[in-house]
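Beneath this line is the structure, given in structure tokens, with notes to follow.
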Protein chains: 2
Amino acid sequence: MADRVTIVDVAARAGVAISSVSSALNGRPGVSEATRARIVKAADELGFVPSLRGRSLSGKKAFAVGLVVHRDPDVLELDPFFASFIGGIESHIDGPGFALVLQIGSDPGEMLDRYRRLAADNRVDGVFLSELETDDPRVPLVRELGLPAVGINAEPGFSMPVVRQDHEAGIRALVSHLVDGGHTRIAFVGGPRHFIHSAQRERAWRDAVESHGLTPGRFVEGGFTYAGGADAADTLLSGGERPTAVLCANDLSAIGFMSEAAHLGFEVPRDISVAGYDGIQLGAYVHPALTTITTSPRRLGFEAARMLLELIDGRRVPDTVIEPAELLVRASTGPVSD
Amino acid sequence: MADRVTIVDVAARAGVAISSVSSALNGRPGVSEATRARIVKAADELGFVPSLRGRSLSGKKAFAVGLVVHRDPDVLELDPFFASFIGGIESHIDGPGFALVLQIGSDPGEMLDRYRRLAADNRVDGVFLSELETDDPRVPLVRELGLPAVGINAEPGFSMPVVRQDHEAGIRALVSHLVDGGHTRIAFVGGPRHFIHSAQRERAWRDAVESHGLTPGRFVEGGFTYAGGADAADTLLSGGERPTAVLCANDLSAIGFMSEAAHLGFEVPRDISVAGYDGIQLGAYVHPALTTITTSPRRLGFEAARMLLELIDGRRVPDTVIEPAELLVRASTGPVSD
DNA sequence: TTGAAAGCGCTACCAA
DNA sequence: TTGGTAGCGCTTTCAA
């Protein structure tokens with residue numbers, strides 16, 4: 001490995017001072033066009049790449065952003081969100097030369113410490129807060145740490161900049177689709193209620209059903225997992241008043257629900273319509289193909305990154321709303337048959 | 001945010017030179033016990049956290065390792081490997097104060113550039129190379145860049161340190177289990193052949209089947225995906241000589257295979273036994289529960305991290321072999337019935 | 001417009 | 001055993 005080319009080498013080659021090189025290469029004023037051109041040429045010839053470390057040390061920036069995923073790897077295994085979300089983040093931060101520091105952990109206590117260490121080490125210039133919970137302790141923490149942060153899918157009026165994808169329209173469209181099909185008993189398989197996005201979906205379901213003059217059906221917690229969805233099927237399909245349709249808070253629990261329903265001898269959608277939320281690939285392949293509401297994690301990641309980099313630059317950023325999640329009707333929902 | 005506490009502050013408080021502080025806090029010799037104690041006390045009282053940047057700049061280390069996932073986020077969506085693998089990496093690097101820089105990308109050309117940039121920026125001190133392919137261009141690249149690297153599941157005798165989990169024993173056990181059940185036509189649904197781990201599994205299947213004096217059944221490419229597994233079912237179950245058992249190169253394609261088989265009117269395992277490879281959670285919940293070979297991505301991550309940090313420290317490390325992948329018999333395989 | 005020099009926070013070397 | 005100091009590579013201020 002050849003010795004690293006430094007700003008000193010460039011300055012020497014261009015016959016100028018290093019400060020001029022710095023100014024020229026960073027597009028700062030105070031350098032004549034001729035000099036700038038000469039410096040750029042020298043830098044090119046030498047293959048100069050500014051040292052991140054030098055820049056960090058003097059500029060007090062890490063040129064990195066952090067994402068702490070608070071989730072057990074086993075549960076994460078089937079999660080459709082993060083891979084795309086991270087892809088979206090990177091598609092934005094790459095240009096400005098930022099990198100993503102990722103941490104995965106399941107211990108709740110330790111999680112806050114991870115943010116503390118990221119901040120103490122100046123490892124990152126800002127963080128993303130996803131899977132927000134009500135009274136999420138990370139919110140006061142990042143504030144205390146002075147760590148720029150962007151929240152994902154929090155409520156409007158949240159105490160930090162937020163990027164959000166509207167869920168209500170999609171759920172409303174789904175419920176309308178079901179009501180149009182003659183459904184009156186529409187149940188809900190929710191995620192853990194302490195998650196904001198979980199609660200949001202439940203509320204949207206209630207509101208949408210009520211807006212049609214109906215009473216919301218039964219609610220069962222499905223924990224966002226395949227097994228939880230299957231358990232919910234056991235519960236909802238055994239009891240007396242069976243729903244004719246069920247909306248699950250995510251696709252994975254909907255697929256678990258369908259599988260268990262089939263196992264119990266019910267046919268989807270003839271005996272019960274099932275819908276999910278997320279729009280994961282798998283939903284297109286299961287039998288019957290899953291009706292769902294398609295979200296845009298990649299887009300959320302991209303916008304979150306854009307906002308975070310602006311925050312880091314010291315600018316104020318308004319909340320961002322991306323295109324709403326959309327209803328995608330496939331084969332797992334249909335009209336009531338009796 | 002209060003001003004950062006620096007080594008200068010600690011030195012002032014302890015009434016010593018900063019060089020002594022550095023030595024004392026880094027456990028280097030040349031400091032008396034009394035002085036060391038005084039310095040530690042001062043550092044504690046001040047809440048001193050050494051600046052990563054300062055250390056990086058002067059020590060020429062980034063205190064970070066990199067993982068570039070070369071995969072389309074949509075495909076990654078259901079991948080069981082990376083979340084656990086990353087969890088394993090972190091459980092080791094946390095202590096030494098390293099962080100993980102993650103990049104996800106699907107563009108093959110761009111991927112090599114990512115490694116180049118990670119190296120040029122000195123963003124990381126080393127990288128993990130997973131999902132190795134035959135003649136993988138990353139291998140010469142990291143060598144050229146002088147970037148320490150650890151390979152995951154490559155062949156013995158690979159040109160860089162490797163951590164490996166034996167797959168042969170598990171596949172042999174599975175094939176024995178099938179042969180014991182009277183199966184003679186055992187097909188294989190493979191992953192893309194350019195992947196080393198994919199080719200390994202295929203070869204192990206061939207060897208195991210032949211070791212029982214049988215001829216390997218048909219081979220179909222399932223692309224490691226649910227849809228690919230389903231397509232493979234279409235192919236294998238329609239033709240004349242149907243296999244009585246099929247081994248899929250990963251669980252996801254096995255689950256797709258089972259789903260499509262059911263859809264085509266076949267019952268698993270009565271009409272055909274199906275087995276996967278990986279041991280993902282989902283396999284426990286599908287109907288029938290999937291027989292599979294359980295791998296240890298978390299353990300691979302942990303060992304890979306340990307090796308990489310040693311490499312970074314300039315030590316030579318021998319290849320590591322973790323406990324072999326194990327056969328887990330569930331309900332999707334059974335004796336031949338006719 | 002240009003250049004010199006002072007940091008940024010740390011490590012490591014060399015003298016005292 | 002201690003302390004002083006020269007880097008590490010850059011940004012930024014201040015003179016020239």
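To find a chain, count down the sequence lines: A is the first, B the second, and so on, and within it residues start at 1. Side-chain atoms are counted along with the backbone in the values below, which use heavy atoms only and exclude waters and symmetry mates.
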Margin query: Rounded to whole Å, please give me the gap between CG in Leu52(A) and C1' in dT11(D).
Written below: 14 Å
Checklist line | Residues, nucleotides or ligands: over 12 heavy atoms within 6.0 Å of Arg315(B) CZ | finding: yes
Next item on the list: Start with the C-alpha distance between Lys60(A) and Asp125(A), add both sets of side-chain angles, then the distance that settles salt bridge (Lys or Arg N to Asp or Glu O under 4.0 Å), and finish with yes or no.
Entry: CA-CA 9 Å; Lys60(A) 302 205 164 295; Asp125(A) 301 311; over 6 Å; no
Check: Do the side-chain N or O atoms of Ser51(A) get closer than 4.0 angstrom to the phosphate oxygens (OP1, OP2) of dC8(D)?
Finding: no
Item checked: Options dG3(D), dC10(D), dC10(C), nucleotide nearest the side-chain atoms of Pro50(A) -> dC10(D)
Check: Rounded to whole angstrom units, what separation is found between the CG atom of Asp9(B) and the P atom of dG9(C)?
Finding: 9 Å
Item checked: Ring-face cation of Arg55(A) near Phe63(A) (centre distance under 6.0 Å, axis angle within 45°) -> yes
Item checked: Rounded distance in Å - CZ (Arg38(A)) to C1' (dT2(C)) -> 11 Å
Check: Atom NZ of Lys61(A) to atom P of dG9(C): distance rounded to whole Å?
Finding: 17 Å
Item checked: Closest to the Thr35(A) side chain, choosing from dG3(D), dT2(C), dC10(C) -> dT2(C)
Next item on the list: Before accepting this row, confirm whether a basic side-chain N of the pair Arg114(B)/Glu90(A) lies closer than 4.0 Å to the acidic partner's carboxylate O.
Entry: yes
Next item on the list: Decide yes or no on side-chain hydrogen bond (donor to acceptor under 3.5 Å, both in side chains) for Ser20(A) and Arg36(A), but give the supporting numbers first.
Entry: CA-CA 8 Å; Ser20(A) 301; Arg36(A) 183 184 305 271; over 6 Å; no
Next item on the list: Give Arg55(A) one of three labels, base, sugar-phosphate or nothing, depending on what nucleic acid heavy atoms sit under 4.0 Å from its own.
Entry: sugar-phosphate
Next item on the list: Kindly point out which of dT2(C), dG9(C), dT11(C) is positioned nearest to the side chain of Thr6(B)?
Entry: dG9(C)
Checklist line | Lys60(B) side chain near dG9(D) phosphate (N/O to OP1/OP2, under 4.0 Å) | finding: yes
Next item on the list: Taking atom CG of Asp44(B) as the centre, report whether more than 12 heavy atoms of other residues, nucleotides or ligands fall under 6.0 Å from it.
Entry: yes
Note to self: Students often get this wrong, so: under 4.0 angstrom with heavy atoms, is Ser23(B) touching a base, only sugar-phosphate, or nothing?
What the structure shows: nothing
Next item on the list: Using whole Å, report how far CG of Leu25(B) lies from P of dT11(C).
Entry: 9 Å
Margin query: Taking only side-chain N and O atoms of Ser20(A), does any of them lie within less than 4.0 angstrom of OP1 or OP2 on dT2(C)?
Written below: no
Margin query: Just to be sure I understand the rule, does Ser56(B) reach a base, reach only the sugar-phosphate, or reach nothing, if contact means heavy atoms closer than 4.0 Å?
Written below: nothing
Note to self: With hydrogens left out and only the distance checked, is there a donor-acceptor pair under 3.5 Å joining Ser19(B)'s side chain and the base of dG4(D)?
What the structure shows: yes
Check: Should the heavy atoms of other residues, nucleotides or ligands under 6.0 Å from CZ of Arg143(A) be counted, would the total exceed 12?
Finding: no
Next item on the list: Return the 5'-most residue of the pair Ser58(B), Val31(B) with respect to DNA chain D, ranking by each residue's nearest nucleotide.
Entry: Val31(B)
Notebook entry, point to check: Between dT12(D), dT2(D), dC10(C), which nucleotide gets closest to the side-chain atoms of Arg28(A)?
Noted result: dT12(D)
Margin query: Taking any heavy-atom pair under 4.0 Å as a contact, classify Val16(A): base, sugar-phosphate, or nothing.
Written below: sugar-phosphate
Checklist line | Under 4.0 angstrom between Arg53(A) side-chain N/O and dC8(D) OP1 or OP2 | finding: no
Next item on the list: Grab the CD1-P distance between Ile18(B) and dC8(C) for me, whole Å please.
Entry: 12 Å
Notebook entry, point to check: Given atom CD1 of Ile7(A) and atom P of dC8(C), what is their separation to the nearest angstrom?
Noted result: 18 Å
Note to self: Between C1' on dC10(C) and CG on Asp121(A), what's the gap in Å once rounded to a whole number?
What the structure shows: 14 Å
Next item on the list: Provide the closest heavy-atom pair for Ala62(B) versus Asn122(B) in the form atom of the first, atom of the second, distance.
Entry: CB-O, 3.2 Å
Notebook entry, point to check: Within the structure shown, what part of the strands sits under 4.0 Å from Ser22(A) by heavy-atom distance: base, sugar-phosphate, or nothing?
Noted result: base
Next item on the list: Determine, stepwise, if the pair Ser22(B) / Arg28(B) fulfils side-chain hydrogen bond (donor to acceptor under 3.5 Å, both in side chains).
Entry: CA-CA 8 Å; Ser22(B) 177; Arg28(B) 258 173 288 141; 2.9 Å; yes
Check: Quick one: on DNA chain D, does Leu57(A) or Arg36(B) contact a more 5' nucleotide (nearest heavy atom)?
Finding: Arg36(B)
Item checked: Five-pair end axes of the helix from dT1(C)-dA16(D) to dA16(C)-dT1(D), angle between them (10°) -> 50°
